[in-house]
Amino acid sequence: MTPKRKQRLLLVAAMLVGVSVAVIFLLKAFNSNIMLFQSPSDIIAGKVKEGSRFRIGGMVVEGSVERGDTGLTTQFQLTDTANKVPVIYEGILPDLFSEGQGIVAMGSLDSSGLFVATEVLAKHDENYMPPEVADALKKAGKMPGTAANYGGSTVVNP
Amino acid sequence: MFKWIHLFGSSPFVYRAASWLAPVFGFGAAVCILVGLYLGLVVAPADYEQGDSYRIIFVHVPSAWMSMFVYMVMATSSAVFLIWRMKLADIVAWASAPIGASFTLIALVSGAFWGKPMWGTYWIWDARLTSELLLLFIYLGYMALRSSIEQPQTAARAAAILAVVGVVNIPIIHFSVEWWNTLHQPATISKLDKPSMHISMLRPLLLMVAGFQLLYFHQLMVRVKTGILQREGRTAWVAELVANNRV
Amino acid sequence: MTTDSQPLSIGLFGLFRSLLSRELSVAIRSPGQWLNPILFFIIVITLFPLGVGPGPNTLSIIAPGIIWVSALLSVMLSLQSLFYDDLHNGSLEQFVLSAQPLSVVVLAKVFAWWLLGGLPLLLVSPLLAILMHLPDSAIPVLMLSLLLGTLTLILVGAIGAALTATVGNGGGILMSLLVLPLTVPVLIFGSGAVQAAAMQMPVGGHLSLLVALLALALSLAPLATAAALRVAVSAG
């Protein structure tokens, strides 16, 4: 092998090592949650400090929405099917907000574990169908999940 | 076997081919987009969850898709230009940049108008939206670099390198909705055998995608013609075209 | 093959070392080159308490972002002249024509530049963190993120510096225009790591993404820079 070839081989090898190191660390990073939002289970597990601002994502628990008598205050529970976190929000909710809907809320935890939201965003899914079809699917129990990924696992809401 | 490829090195041939193809693509695009809009806005039913607002998808998804497709065309032809010094490849990359930037802008703006009623916000700094915005900046940077280097050959090669480097953004855009918890929903048509969309809505969406694709090819042909004329303005065959009033 | 192997006798590491010492000895003779970016970094950061208001709570919230954005800008500003002298005094042409791989030359230049323009930022960052009321616990993470991040920034910035080397007036702002979009991931994960550390949350994910970005930039960016330098030299 000429020195020139040997040198080139060395450079290519170094490059391949670099790229594989990058891939290893990328995979490592995806195992640890760097996410737009935290799931209720993360909060129950104590991953978030009280008072710090962060986003929470989950589905609104059916039957948990209570609207205040006066003003725009709404209180509801959020779930990732494993754990629940109570959320309170004062303001106008997006059109899509409903029970069973996936949402992302910005805010912070208070000392009692209540999440005080300053912004509530609705997350909609990738399924599109006419209302009649949706009804028929619901009756047959074949409705695809309403909210996609939470904390790495797909949540299917029957 | 690849003898025919040399034809693409011949500017008069490419110019004639583009002149012939431009109206064909233009007509196809017009038919697809008009029929797609009619089926999408009038015939297709409202969505069970989002009502009529979901109809923005018929513009948003095709343009977002094209924003990435055009970039891939641009980057691939830039690489071809860098490796084989093929003049036409550079013209294709030059021609694609503003078209791709426009599609990106349309995707961002239509997405914002969809986001407000559905999510409750025009904009959120999540991975999908941010990386799409960066795509727009990369397109703009490409055009800025091209226009600020005076010598055309240098400008072409420098811009080609930038286009190839910018490819790193494309997988980030595409996979951002799967890698991170984003507010943006995952792809609807990721699996062709079982798309997450009712057929009455899928049909106009696919028509619009085809229409936008043809629209890009139409615009590309028109701009490739311009590019060839700019570069070959002093040649005999262009003079002949002008003399016969066929430009 | 004796004539061919002659210039290679110093080997890749020898080449790297001799180029590094050349860069450093040139830089030591013109202190403005490495003093100005660090002064810029410090001054930009001190502008924020004066502009935003000196409340410790506000400052500690925005501190990670500000320190990171200032580091990014300072690196970008200093990089504009990375290849300027070499292009104009002809040494770049010699590098391109020599039998040595151009990407190793680039790597040596980049590393020298990091020692002069990146390392000082790292060293003064604890002081600035204290001025910005960043919690003490976040300072090691801040330094680590800057260590990984500034190297990546300089590697990516070198591509832009090489691409715009032949652009005369306005080349600097054009370079930032090209490079800043590509550096956004570094900014996001760099300041994200510091923010997470300030909130006492795990930083492993952010830091491993920074390592991944650095490894990717180390292996690919010098190739792109070398290609851009060839273009610049052939234009000159």
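Proteins come first, then strands; the chains are lettered A, B, ... in the order of their sequence lines, and each starts at number 1.
Of all heavy-atom pairs spanning A/V21 and C/A215, the tightest one is CG1-CB, 3.8 Å.
More than 12 heavy atoms of other residues, nucleotides or ligands sit less than 6.0 Å from atom CZ of C/R22. Heavy-atom contacts from other residues, nucleotides or ligands closer than 6.0 Å to CD1 of A/I92 number 12 or fewer.
A side chain to side chain contact (heavy atoms under 4.5 Å, CB included) with A/L11 holds for exactly one of C/P101, C/S219, C/P222; it is C/P101. Tested against A/F25, the residues C/V211, C/L213, C/L207, C/L210 include a single side chain to side chain contact (heavy atoms under 4.5 Å, CB included) partner, C/V211.
Heavy atoms of C/L223 lying under 4.5 Å from chain A belong exclusively to its side chain. Only the side chain of A/L10 comes within contact range of chain C, with at least one heavy atom under 4.5 Å from a heavy atom of that chain. Within the 4.5 angstrom heavy-atom criterion, no atom of C/L218 approaches chain A.
Between the CG atom in C/L12 and the NZ atom in A/K6 there is a gap of 11.0 Å [rounded to 0.5 Å].
No side-chain heavy atom of C/L209 sits less than 4.5 Å from a side-chain heavy atom of A/K28.
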